[in-house]
Number of protein chains: 2
Amino acid sequence: MANVAKKVSWSSKDDEARPGEATPLLNGSPTASQPPEVARQFSHTNFFRIERLTTVNLDDDTAQDENPPTCVSKEILHNEKLLSLKYESLDYDNSENQLFMEEERRISKIGFHALEIKRWLVCLFIGIFTGLIACFIDIVVERLADVKYKVIKKNIDKSTEGGGLSISLVLWATMNAGFVMIGSILVAFIEPAATGSGIPQIKCYLNGVKVPHVVRLKTLVVKVFGVIFSVVGGLAVGKEGPMIHSGAVIAAGISQGRSSTLKKDFKIFEYFRRDTEKRDFVSAGAAAGVSAAFGAPVGGVLFSLEEGASFWNQMLTWRIFFASMISTFTLNFVLSIYHNKPGDLSSPGLINFGRFQSEAVQYNWYEIPIFICVGAIGGILGALFNRLNYCLTMFRIRYIHRPCLQVIEAMLVGTVTATVSFIMIYATYAHDCQPIGEDPIKYPLQLFCPDGEYNAMATAFFNTPEKSVRSLFHDSPGSYNPWTLSLFTLSYFLLACWTYGLAVSSGVFIPSLLIGAAWGRLFGIFISTVSTNSTWADPGKYALMGAAAQLGGIVRMTLSLTVIIVEATGNVTYGLPIMLVLMTAKIVGDFFIEGLYDIHIKLQSVPFLGWEPPEKSHALTAREVMSYPVTCFNRLEKVGRIVDILSDISTNHNGFPVVHENLEPDGDNVGRLCGLILRSQLIVLLKHKVFVERANSNLTQRKLQLKDFRDAYPRFPPIQSIHVSQDERDCTMDLTEFMNPTPYSVPEEASLPRAFRLFRTLGLRHLVICDGSNGVIGIITRKDLARYRLHKGQLEELEMAHT
Amino acid sequence: MANVAKKVSWSSKDDEARPGEATPLLNGSPTASQPPEVARQFSHTNFFRIERLTTVNLDDDTAQDENPPTCVSKEILHNEKLLSLKYESLDYDNSENQLFMEEERRISKIGFHALEIKRWLVCLFIGIFTGLIACFIDIVVERLADVKYKVIKKNIDKSTEGGGLSISLVLWATMNAGFVMIGSILVAFIEPAATGSGIPQIKCYLNGVKVPHVVRLKTLVVKVFGVIFSVVGGLAVGKEGPMIHSGAVIAAGISQGRSSTLKKDFKIFEYFRRDTEKRDFVSAGAAAGVSAAFGAPVGGVLFSLEEGASFWNQMLTWRIFFASMISTFTLNFVLSIYHNKPGDLSSPGLINFGRFQSEAVQYNWYEIPIFICVGAIGGILGALFNRLNYCLTMFRIRYIHRPCLQVIEAMLVGTVTATVSFIMIYATYAHDCQPIGEDPIKYPLQLFCPDGEYNAMATAFFNTPEKSVRSLFHDSPGSYNPWTLSLFTLSYFLLACWTYGLAVSSGVFIPSLLIGAAWGRLFGIFISTVSTNSTWADPGKYALMGAAAQLGGIVRMTLSLTVIIVEATGNVTYGLPIMLVLMTAKIVGDFFIEGLYDIHIKLQSVPFLGWEPPEKSHALTAREVMSYPVTCFNRLEKVGRIVDILSDISTNHNGFPVVHENLEPDGDNVGRLCGLILRSQLIVLLKHKVFVERANSNLTQRKLQLKDFRDAYPRFPPIQSIHVSQDERDCTMDLTEFMNPTPYSVPEEASLPRAFRLFRTLGLRHLVICDGSNGVIGIITRKDLARYRLHKGQLEELEMAHT
C-alpha cells in the first residue's frame with residue numbers, strides 16, 4: 001500500500017485515528033446473520049463487502065473535531081478503483097413525520113407566500129454578495145498586480161539600460177514566490193477544502209454528496225484570499241473557477257441565517273435548515289458564481305442544471321436565474337463605479353472576451369470542418385493535459401502530502417513560472433518587437449526593442465492571463481510571431497498542468513482558455529497562410545475556437561460551457577461552431593481519458609452518481625447490490641438498544657428502518673417496514689430524553705418540535721457526547737411521531753437501473769429493499785449504487801474503504 | 001347543462017356515442033365493494049367519484065375511429081372545474097419485464113453506442129427538417145404576402161388618384177377572407193388538432209398527457225398550410241408559435257421511423273417505439289421549433305425544460321441543444337441562399353428583433369423602476385387580454401362549435417381586420433405622414449400624403465406583423481405619432497384577442513409582441529417628453545420592454561421567454577431588465593387570472609400536473625386520493641376473465657396490478673402486489689394467443705418478442721377487434737413474463753405531495769397503493785392527482801367527466 005496521508009484529500013481534518021477504524025480497507029463480508037432467502041448471485045471473491053459501515057463523525061455532521069490539523073500520515077490506498085466511505089449523502093427527501101406534517105398543515109396561505117418571498121430574498125442576497133465578492137477579488141488583484149508589475153517593469157527598464165537583468169529576474173521570482181507562499185499557507189494549513197477551483201467539490205455537493213467543510217465560512221475566506229495571492233503570484237491560474245465555490249458557500253451561509261464558524265445565529269430563515277432547501281440555494285449560489293465570473297447568467301443556470309439537476313423545478317430554476325442576474329448586475333454596477341463610469345454596465349463578468357464584431361469575423365459554412373478539426377486538436381491536447389495532471393496528482397498523493405511540502409512546491413512553481421516567463425521574454429527580444437498601437441498595452445516592456453515598440457512575448461507573459469486572452473482574441477492579424485506563439489503555448493501548457501492541483505486556490509478555466517487561444521491563433525495564422533483567399537481566416541476567430549476546444553478538452557462540460565462562452569463573447573452567432581467544437585473535443589477527449597474534474601473526483605473516491613445507471617447493469621437486481629442485514633428498530637424501542645447501536649462504530653449506520661414485528665437480529669422473522677428514522681433524529685431525541693416513561697411521569701415537559709431538529713442541523717452532536725444513565729437505558733422511546741412513516745422502498749427483484757433512477761431522481765439517502773410482503777431485507781445507499789462502474793465494456797465493482 | 005359540442009375540443013373525432021358513455025358526467029360513487037379498512041376521511045358529498053373509469057378508445061391508442069368528422073352535438077359541461085377522463089397518460093416508466101431485461105442484457109457495448117449514435121442522428125434530422133419547414137413557411141408566406149400587398153397597393157394607389165377607395169377596401173377584405181377561409185377549412189374540417197399555436201397541446205404532451213392526434217403527420221400538414229394562409233390572410237397572428245408544434249410532430253415522426261398516416265414503415269429506429277423515447281425526441285422537436293422560430297437555440301432548450309423536464313438528463317439536454325442548433329443553422333443557411341447571400345448567416349430565426357446597438361440604447365440603473373412599471377402594465381394588459389379571451393372562448397364553446405360556423409367566424413375576423421386596418425390608415429392619412437428614409441419601407445402607402453412621404457399607420461398595418469415589430473423597435477425617435485400608436489394599440493389588441501382561439505393555425509407570440517411594442521414605444525415617448533434629459537429614454541428600448549411585458553403578461557412563461565427574447569435581440573445586456581419585466585408581468589398578471597395557455601388547457605379539462613403538489617395538500621394521504629377497488633389479475637389468469645374485464649367499458653382500466661393470492665372481488669383478502677400489466681400488453685398477448693395450454697400443445701409456436709409489442713405501438717387494436725373463442729376463454733395466460741415485476745408503489749399513509757412527487761418526477765402512469773403487508777388496496781393515476789387544486793386558498797377537488 002502506498003504511503004499516503006489524509007492531507008491530500010479535500011477535507012483533511014476529520015477522523016483522527018478513531019477506534020474501530022484502524023483498518024482503512026474494511027473487510028466486512030456477509031456473515032451468518034444474513035437472511036437465508038437472499039441468494040447472492042454475484043461473485044464477491046475479489047471484493048470487499050461492507051455492512052453499511054459509514055463514518056458519522058463528519059465535520060458537517062458533528063461538532064467535535066475542532067482539533068488543529070496535523071501532519072500525521074496514515075497508510076491509505078488512494079486510487080480511482082476505491083470508493084470512500086467517509087462521504088455521506090445529502091438528504092433531499094423530506095422526512096414527512098408527524099411533526100413535519102403538523103407544521104405543514106399549520107402554515108397558512110400567507111405563510112406559504114411568506115416562505116416564497118423569503119426564498120427570493122435569500123436569492124437576492126446570494127446574488128448581491130457573490131457579486132461583491134467577485135468585485136473584491138477583481139479590485140484587489142488588479143491593485144496588487146499593478147504594484148507588482150510596475151515595480152518589476154521599473155526594475156527591468158532600469159536594468160535594460162544599466163545591466164543586471166538577472167537581478168530583475170530574482171526580484172520577479174521572489175515576489176511571485178512570496179505571494180504564492182501566503183496563498184499556499186492559507187490553503188495548506190488553514191483550510192485544505194479551499195484547494196483548487198472548488199468545482200469538483202461543488203459538483204459532488206450538487207450531486208448529493210456531503211463534502212466536509214465545503215460550504216463553510218472559513219473555506220470562503222481562505223478561498224478568496226488564496227485566489228488573490230495565487231493570481232497576483234503570477235501562477236498560471238484564473239480567478240473565475242473559485243467564484244463558483246465562493247457563490248456556493250455564500251448561498252449556504254445566507255440561507256441558513258447563521259454561521260457556525262462565527263457562532264452567530266440570526267434566527268432567520270429557520271425553515272430552510274435542512275438539506276433539501278440548503279441544496280437548492282447552493283445551486284443558486286454556484287450559478288451566481290458562474291454568472292459573476294463570466295458575465296453568463298444563463299450559463300450559470302445551465303451549469304447548476306448540468307451538475308445537479310435531477311430534481312428540478314420551475315420556480316427554483318427561475319430563482320437561480322434571478323440570483324445569477326443580480327450577481328452579474330452587482331458586479332457590473334460596482335465595477336462601473338470603481339472605474340469612474342457609473343451606469344456603464346459593460347463589464348458583466350470578471351472576464352469577458354471582448355466584443356467580436358460579427359461583420360468582421362462572420363464564419364462561413366465551409367469553415368465548419370475546420371472548426372471540427374480545431375475541436376479534435378483540443379480534445380487531444382486536453383486529454384494530454386489531463387493525463388499529465390493525473391500522473392502528477394498520483395505523484396503528489398504519494399510524496400507531497402505534508403502541508404509544508406505543499407507550500408514549498410507551490411513556491412517552486414511560482415519561481416519557475418517567473419523564470420520561464422523571463423527567459424521567454426528575454427529569448428525573443430530580438431525577434432519579436434511590435435509597435436505600440438492605438439490600443440495601448442498596460443505594461444509594455446520595451447527591453448531591447450526600438451523606441452515606440454514593445455516585446456510581444458511580454459504581452460502574453462507580463463500580464464494577468466485574462467488580459468492575455470483578450471489580446472489573443474482581438475489583436476489584429478500579424479500582431480504575433482508564430483514562433484513566439486508556439487513557444488508560449490508549450491511553456492504555458494506545461495506550467496498550467498503543473499499548477500493545477502497545487503495547494504492553492506486556483507481556477508483552470510483561464511489557463512485553458514489561454515493555451516487554447518494561443519494555439520488556436522497559431523492555427524488561424526497557419527490557415528490564412530495556406531489558403532489563397534485568406535480574408536475569412538481571422539486569427540482571432542480561431543483563437544476563440546481554440547480556447548473553447550482546449551477548455552472543452554480539459555473539463556468536458558458541454559451545454560453550459562457553450563452558453564458560457566457564447567455569453568462571454570456577447571455574440572450569439574458563434575453558437576453552432578462553439579457547440580461543434582466542444583462536442584468534438586469532448587468525444588475525442590473521452591476516447592483517451594476522462595475530464596479533469598472527474599479524474600479528481602475519482603481520485604478522492606467520492607461516491608458520485610452519474611446521470612444514468614451504468615450500461616449493462618440490467619443484469620443486477622436490488623437484492624444483489626443492497627447492504628444487509630439491516631439494523632431495524634421497533635416503533636417502541638428500548639433506549640439502551642438505540643444507544644448501543646448508535647455507539648457501535650463498526651456499523652456506523654445513518655438510517656434505520658422501523659419495523660412492525662420485533663426483529664430478532666438472528667431470527668428468520670423479517671419485520672415489516674413501517675418507517676425510517678435517521679441517526680440525527682435519534683440523537684436529538686436522546687438529547688432531549690424523549691422517553692415514554694418521562695412523558696407519562698412529567699406532564700409539564702415540553703413537546704419536541706421541528707425547531708429542535710433544525711437547531712441541531714447540520715452539526716448534530718456525536719452519540720458519545722450524550723449521557724444516558726443506566727436507568728434511562730431501560731426506558732422506551734416511541735419513534736412513531738418522529739420517523740418518516742413512508743420511506744421509499746423497492747422490491748428485491750427491481751433491477752439496479754430501476755433502483756438507481758428512483759434514488760438519483762428523488763435525491764434519496766436510503767432506499768429500503770423489501771420482500772413480497774413488505775419485510776425489510778436490505779437497504780441501498782449511495783455507495784451501493786456508485787460502486788458499479790463500466791470499465792472497458794465490463795461492469796466492475798469498486799472496493800470500499802475509509803480513505 | 002350548457003349546449004356544448006365535442007367540436008370545440010382539441011381532438012374532435014373520437015368517441016361517437018359509444019355504449020356506456022351516454023352520461024357525460026359519471027356518478028360512480030364508491031359501492032359496498034370497497035375494502036372495509038379504507039376509511040375515507042375526506043367528505044365526498046359534493047364530488048363524484050369515478051372508479052378509475054377511463055376511455056381507451058383514444059385515437060392514438062386505437063385504430064378504429066377513422067370516421068369522418070360530424071357535426072353531431074352532444075351535451076357536455078365544458079368548464080375549468082372539470083377533469084376530462086378522455087386523456088391518457090404517457091408512460092415514461094419502462095415496463096421492465098423479462099422480455100425487456102433479456103433484450104437489454106443482449107445489447108452489447110457496441111449496440112449501446114449504435115443506439116446512442118442513432119439518437120444523435122434522429123436529432124440531426126429533427127433539426128434539419130424543422131429548419132426546412134420553417135424556411136418553407138417563411139418563403140411561401142413572403143411570396144404570397146408580396147403578391148397580396150402589391151395587388152392591393154396598386155389598387156389603392158390607383159384609387160387614391162382616381163377615387164373609389166371603397167373598392168380597394170372590398171378587394172382587400174375579400175382577399176383576406178379568401179385566404180383565411182382556406183386556412184380555416186383545413187383546420188376545422190380536416191384536422192382540428194392543428195388549431196391555434198399548438199403550444200398548449202405540446203405543453204400537455206411534455207407534461208405526460210397523451211393528446212389525441214397531436215403528433216400526427218396530418219396535423220403537421222394542416223398546421224403548416226393553415227398557418228401560411230392565416231398569416232397571408234392578414235389575421236393578427238404569427239407564424240412562430242406553430243413552429244413549436246411542427247417541430248414536435250417532425251420529431252415524433254422521424255423517431256418512430258414510420259408513419260401511420262402514410263402506412264409506411266421504414267423499419268428503422270424500432271428501439272425508439274415507446275413513450276419514453278418518443279417523448280424525449282418530442283422535447284427535442286419542440287426545442288428545435290422554438291430555435292427555428294426565434295433563432296434562440298438556448299431558449300428552445302429552456303422551453304422544453306420548463307415545460308417537460310421533471311426527468312432530465314445531461315445527454316438528452318445536449319441532444320436537444322444539438323437539434324436546436326441544427327434547426328437554426330439550417331434555416332439560416334437555406335434563407336441565406338434564398339436571399340442570394342449564401343453563407344451570410346445573419347437570419348437565425350423566422351423573426352429576429354434586429355440588432356440593438358448596445359452603445360446607443362444602454363440602460364441606466366435608475367431606469368430599472370421604470371422597467372418594473374412597464375412590467376406591471378404588461379401584466380395588467382395581459383390579464384385583460386386573457387380575461388377577454390376567456391369569455392370569448394366560453395362563448396365559442398357554447399355557440400360556435402360547428403366547423404361551418406367556425407369557418408364563417410374566421411372569415412369574419414379576416415374581413416374585419418382588413419376593414420379596421422383600412423379605416424385606420426384612411427383616418428390618419430392627414431395627420432401622420434412620414435418621409436421615406438434611407439431604410440425603405442417595403443410597401444409605402446402614399447395615399448394622400450405628399451410625394452416622398454408615406455402613411456405611418458400603414459407601416460404598422462400594411463405589413464406582416466414581424467416587420468411591424470422590427471419597425472417599432474428600431475425606427476428613430478419621432479417616427480411615430482403618439483395618437484397613431486394609441487389607436488393602433490387599441491385596435492390591434494382587440495383584433496388579436498378576437499383572433500386567438502379561432503379555428504385557424506396561429507401563434508400569439510407576434511401579436512403580443514406587436515401590441516406590447518406599440519404601447520411600449522408610446523410609453524417611451526411619454527417618458528422622453530416628461531424627463532428633462534431625455535437622451536436615455538430611447539423609445540425603441542421601451543418598445544422592446546413593452547413587447548416583453550405584454551408577451552409575459554399573456555403567456556406567463558419565465559426563464560425560457562427571457563432567454564428567447566435575449567437571443568432574438570442578440571444582445572445579452574438587456575438580460576436583467578427583460579427578466580425583471582417578465583417577472584413583474586407574471587406576478588401582476590397571476591394576481592388576476594392565469595396565463596393564456598393554462599386557461600385553454602383548463603378549458604379542455606386536461607389532467608395537467610403542475611411542478612409542485614398544490615399547497616395545503618399535506619392533509620391528504622394516498623389512501624384518500626387513490627381509486628379503488630382495483631381490478632387485479634393473478635399471475636396465471638383465465639383468458640375469459642381478462643377478456644371480460646378488458647371489454648367492460650364501464651371500467652375501462654389501462655393498468656392492472658398482478659397479485660399473488662387469488663383476489664375475490666368482494667372478499668376481504670387483499671392480494672399481494674407482484675407486478676403490473678398494461679391493457680396494451682394484454683391486447684398484444686390476446687392477439688397472439690399466448691395461452692399456457694397452447695405453449696404446451698404446440699411447441700413450434702414462436703415466442704413472443706418485444707418487437708411484437710413495438711409493432712403494435714402506439715395504436716393498439718381495441719379489444720373488440722380480437723376474437724376469442726369459447727374454448728380459448730377457458731385457457732390460462734401466464735402473465736409473469738410480460739408484466740412489470742417491480743411497479744412503483746407507496747404505502748397508503750403516504751401524503752399526497754409524496755405520491756405526487758414520485759409520480760411526477762418519474763413520469764409514471766400508474767402508482768400502486770399498498771397496505772402494510774404489500775397488499776394492493778388502490779391505484780393512483782394522473783387524474784387522481786390532477787383533481788386537487790388550490791382555489792382561493794382552499795384545496796378544491798375537480799369533478800371528472802367524459803368530456
Side-chain angles (χ1 to χ4, degrees), chain A residues 96 101 104-105 109 112 297-298 301 306 309-315 317-318 321-322 325 329 333 343-345 348 362-365 558-559 562-563 567 570 572-573 575-576 579 611-612 615-616 618-619 660 672 674 741-742 744 746-747 749-751 754 757-758 761-762 770 772-774 793, chain B residues 96 101 104-105 109 112 297-298 301 306 309-315 317-318 321-322 325 329 333 343-345 348 362-365 558-559 562-563 567 570 572-573 575-576 579 611-612 615-616 618-619 660 672 674 741-742 744 746-747 749-751 754 757-758 761-762 770 772-774 793:
Chain A
E96 295 200 332
M101 299 307 270
E104 288 289 308
R105 279 167 207 160
K109 195 174 157 58
F112 276 114
V298 181
V301 174
E306 207 170 307
S310 49
F311 17 85
W312 204 251
N313 80 54
Q314 203 174 11
M315 283 316 286
T317 319
W318 191 223
F321 192 41
F322 179 68
M325 278 289 185
F329 180 78
F333 187 68
D344 171 29
L345 305 178
Q362 189 74 30
Y363 70 96
N364 298 292
W365 62 267
T558 51
L559 180 61
T562 312
V563 177
E567 288 191 287
V572 187
T573 325
L576 184 67
M579 185 189 174
W611 281 92
E612 292 279 334
E615 287 162 12
K616 304 183 79 63
H618 272 279
H660 264 300
R672 283 193 190 157
C674 69
T742 53
Y744 291 108
V746 293
E749 305 90 14
S751 66
R754 200 171 183 80
R757 252 176 225 125
L758 182 69
T761 313
L762 295 176
C770 293
S773 50
N774 214 25
Chain B
E96 296 200 332
M101 298 306 270
E104 289 288 312
R105 280 167 206 161
K109 194 172 158 61
F112 276 114
V298 181
V301 174
E306 208 170 307
S310 49
F311 15 88
W312 203 251
N313 80 54
Q314 203 173 13
M315 284 314 286
T317 318
W318 193 222
F321 191 42
F322 180 67
M325 278 289 184
F329 180 78
F333 188 65
D344 171 28
L345 305 178
Q362 188 74 33
Y363 70 94
N364 297 292
W365 61 268
T558 51
L559 180 60
T562 310
V563 177
E567 287 190 288
V572 187
T573 324
L576 183 67
M579 185 190 174
W611 280 92
E612 290 280 335
E615 286 161 11
K616 304 184 77 65
H618 272 281
H660 263 301
R672 281 193 192 160
C674 70
T742 53
Y744 291 109
V746 292
E749 304 90 13
S751 66
R754 200 170 182 81
R757 253 178 225 122
L758 182 68
T761 314
L762 295 175
C770 294
S773 51
N774 215 23

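Numbers restart at 1 for each chain; the letters A, B, ... are given by sequence-line order, proteins then strands.
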Heavy-atom closest contact (B:Arg672 atom, A:Ser773 atom, distance): NH1-CB, 2.9 Å
Under 3.5 Å donor-acceptor, B:Asn774 side chain and A:Gly772 backbone: yes
Spacing of A:Thr317 atom OG1 and B:Trp611 atom CH2 [to the nearest 0.5 Å]: 6.0 Å
pair A:Val298-B:Leu559: side-chain heavy atoms closer than 4.5 Å: no
Pick from B:Cys770, B:Pro297, B:Cys674, B:Gly575 with the largest number of heavy-atom pairs that fall under 4.5 Å of chain A: B:Gly575
Under the side-chain hydrogen bond (donor to acceptor under 3.5 Å, both in side chains) test, residues paired with A:Thr742 that sit two or more places apart: B:Arg754
Contacts of B:Glu104 that satisfy side-chain hydrogen bond (donor to acceptor under 3.5 Å, both in side chains) - sequence neighbours left out: A:His618, B:Tyr271
Under 4.5 Å from any heavy atom of chain B - which part of A:Phe321: both
Side-chain heavy-atom pair B:Trp318, A:Thr562 within 4.5 angstrom cut-off: yes
When A:Met579, A:Glu612, A:Arg757, A:Met315 are compared by non-hydrogen pairs under 4.5 Å with chain B, the top option: A:Met579
Taking every non-hydrogen atom, the tightest pair across A:Ser751 and B:Met101: CB-CE, 3.3 Å
